[in-house]
A.B. asks: 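Can you keep this structure in mind? I'll have questions shortly.
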There are 2 protein chains.
Amino acid sequence: MEVKKTMQAVKILVVDDEAPIRDMLRMALELRDFEVLEAGDTRQAYQQVVDNSPHLVLLDWMLPGGSGVQFLQRLRKEDLTKQLPVIMVTAKHDEDNKVQGLEIGADDYVTKPFVPKELIARINAVLRRSGTLTPDAIITVDGLKLDIACHQVSIDEHVVEIGPTEFKMLAFFMSHPERVYTRSQLLDHVWGGNVYIEERTVDVHIRRLRKALEPSQPDQFNYADLIQTVRGAGYRFSVKAAG
Amino acid sequence: MEVKKTMQAVKILVVDDEAPIRDMLRMALELRDFEVLEAGDTRQAYQQVVDNSPHLVLLDWMLPGGSGVQFLQRLRKEDLTKQLPVIMVTAKHDEDNKVQGLEIGADDYVTKPFVPKELIARINAVLRRSGTLTPDAIITVDGLKLDIACHQVSIDEHVVEIGPTEFKMLAFFMSHPERVYTRSQLLDHVWGGNVYIEERTVDVHIRRLRKALEPSQPDQFNYADLIQTVRGAGYRFSVKAAG
DNA sequence: ACTAGGTGTCATAATACTGTCACAATAACC
DNA sequence: GGTTATTGTGACAGTATTATGACACCTAGT
């Protein structure tokens, strides 16, 4: 048995009419584990936005026909896409354009040519600022899946009802397997900072979590067994132990 | 149950007296997900324009009876169709015709024989230029349909009365299913940016939305169930859950 | 001005979750 | 085996969170 952590990739839509530039950007972005969507014109771009809801748009300033500006304006007009972060990319070093782009609602501005590193930095900055970047971790141990973005635990695709504290505790355990944590440490990490709670309370929540992980069918694997008691020390989420 | 996002197809009216050519065009266009309307003469063409309001017209230069030119002139005279983009298609390589066509008001000009790719490119260009292309997203979950352009929600083809805020919220949820959003995030995405509103207000609108989605007949599916509350976290629009 | 619908806020009811305790069960150690 | 320390368990009452109905305000259309 083994722990798998999956980061739901941040999707970035690259809008540029020149394929070579798209390729270059794709390479730079995929190296950083971004998922890249492409569009060569505004129609495709809009289609991508609707179909795949990217987390961020890299938009070329100069697009044939309707320029990128129009596309940006449209995004900003529509309720659904008002929040979508956009970084303008342009060959023009013109300051006026920069101002105009930012006024319309671009979140940042990059001028060609640029070093990939700078672009990545700006992307991260924008994502951080906009709060879009909620690293959607999905942690998996065999059939046990914990999805933080969906705030959901499931066993073999079957949703498990679980309380908030139990959820946090399981999330903590699954991201720190094998290691033993004292009740006091668990209070710190799961409950957070300064709480004045009996240490024995941890036991109760451990029990609730175990109960939640028990299989509905008796012949299924019991994931509750992964939560081990270490007498005199605390608890441990062990993946090696079973399976 | 499953989320389907649909781009309301761009309707293109093909006006040509030769059926084989219409077929050829239909094939090329439908491959690109355009919706194709056909007309063999100007009378049919006009009828199609009135009945189905296409987004663009592909007009053959040489039509029996009234030529394509006359049809185009008529379109340009009428207020309702002044803006309708028209691409002339002709077998004549005659430059004069080209000029004449453009003067009357054709937006572009293609000579037979042409490669489909070029035609598609020109269509996209014209649509982009004219701004006519407003691909209207429609999101569907089973019998629940949300049409952004029409600003309308319907359940099993039956229109649901719904307020603006509820509409936006449903639209947001349907384009981001499964994921949990905090009240604060919902305020950001649905209300937009900087608003100073109580978080509890979200609850009230959630309730209004749920109420709106309740079935009129008690035996119908209750789409309100798709909106789940996640205690301590926020709300989630889950499609997997039910069905 | 008047209506009608939509919005945000509040008070209160309805729930779900928590922390704690008492006691049972188990392990460790003599 | 007997004793003690530690953990498991069920119950319960308090607490926090959410659902709901009511209301006053606002805005647009008449």
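A note on names: the letters A, B, ... follow the listed sequences, proteins ahead of strands, and every chain is numbered from 1.
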A.B. asks: How about B/T229 and B/R210: does a side-chain donor come under 3.5 Å of a side-chain acceptor?
C.D. replies: no
A.B. asks: Is it true that B/R179 and A/D147 have a side-chain N and a carboxylate O under 4.0 angstrom from each other?
C.D. replies: no
A.B. asks: So, applying side-chain hydrogen bond (donor to acceptor under 3.5 Å, both in side chains) with B/E166, which one of B/R207, B/H205, B/K211 is it?
C.D. replies: B/H205
A.B. asks: What's the CG-C1' distance between B/L186 and C/dG8, to the nearest Å?
C.D. replies: 16 Å
A.B. asks: Which nucleotides of nucleotides 17-30 of chain C have their base under 4.0 Å from a protein heavy atom (B), which only their sugar-phosphate (S), and which neither (-), written as one string 5' to 3'?
C.D. replies: SBBBB----BBS--
A.B. asks: Separation of B/H151 atom NE2 from C/dG6 atom P, in whole Å?
C.D. replies: 11 Å
A.B. asks: Output the rounded distance in Å from CD (A/E161) to P (C/dA16).
C.D. replies: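 Atom-to-atom, A/E161 to C/dA16, this comes out as 10 Å.
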A.B. asks: Is A/L84 close to A/L13 at the side-chain level, that is, under 4.5 Å between some pair of heavy atoms?
C.D. replies: no
A.B. asks: Evaluate the side-chain contact (heavy atoms from CB on, under 4.5 Å) criterion for residues A/F173 and A/L146: first the C-alpha distance (whole Å), next the side-chain angles of each, then the deciding distance (0.1 Å), finally the verdict.
C.D. replies: CA-CA 11 Å; A/F173 271 137; A/L146 183 137; over 6 Å; no
A.B. asks: Specify the separation, in whole Å, of atom CG of A/D203 and atom C1' of D/dG10.
C.D. replies: 14 Å
A.B. asks: Would you kindly give the CD1-to-P distance between A/I227 and D/dT9, to the nearest whole Å?
C.D. replies: 12 Å
A.B. asks: Please state how far atom CZ in B/R207 lies from atom P in C/dT12, giving the value in whole angstrom units.
C.D. replies: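 From B/R207 CZ to C/dT12 P: 18 Å.
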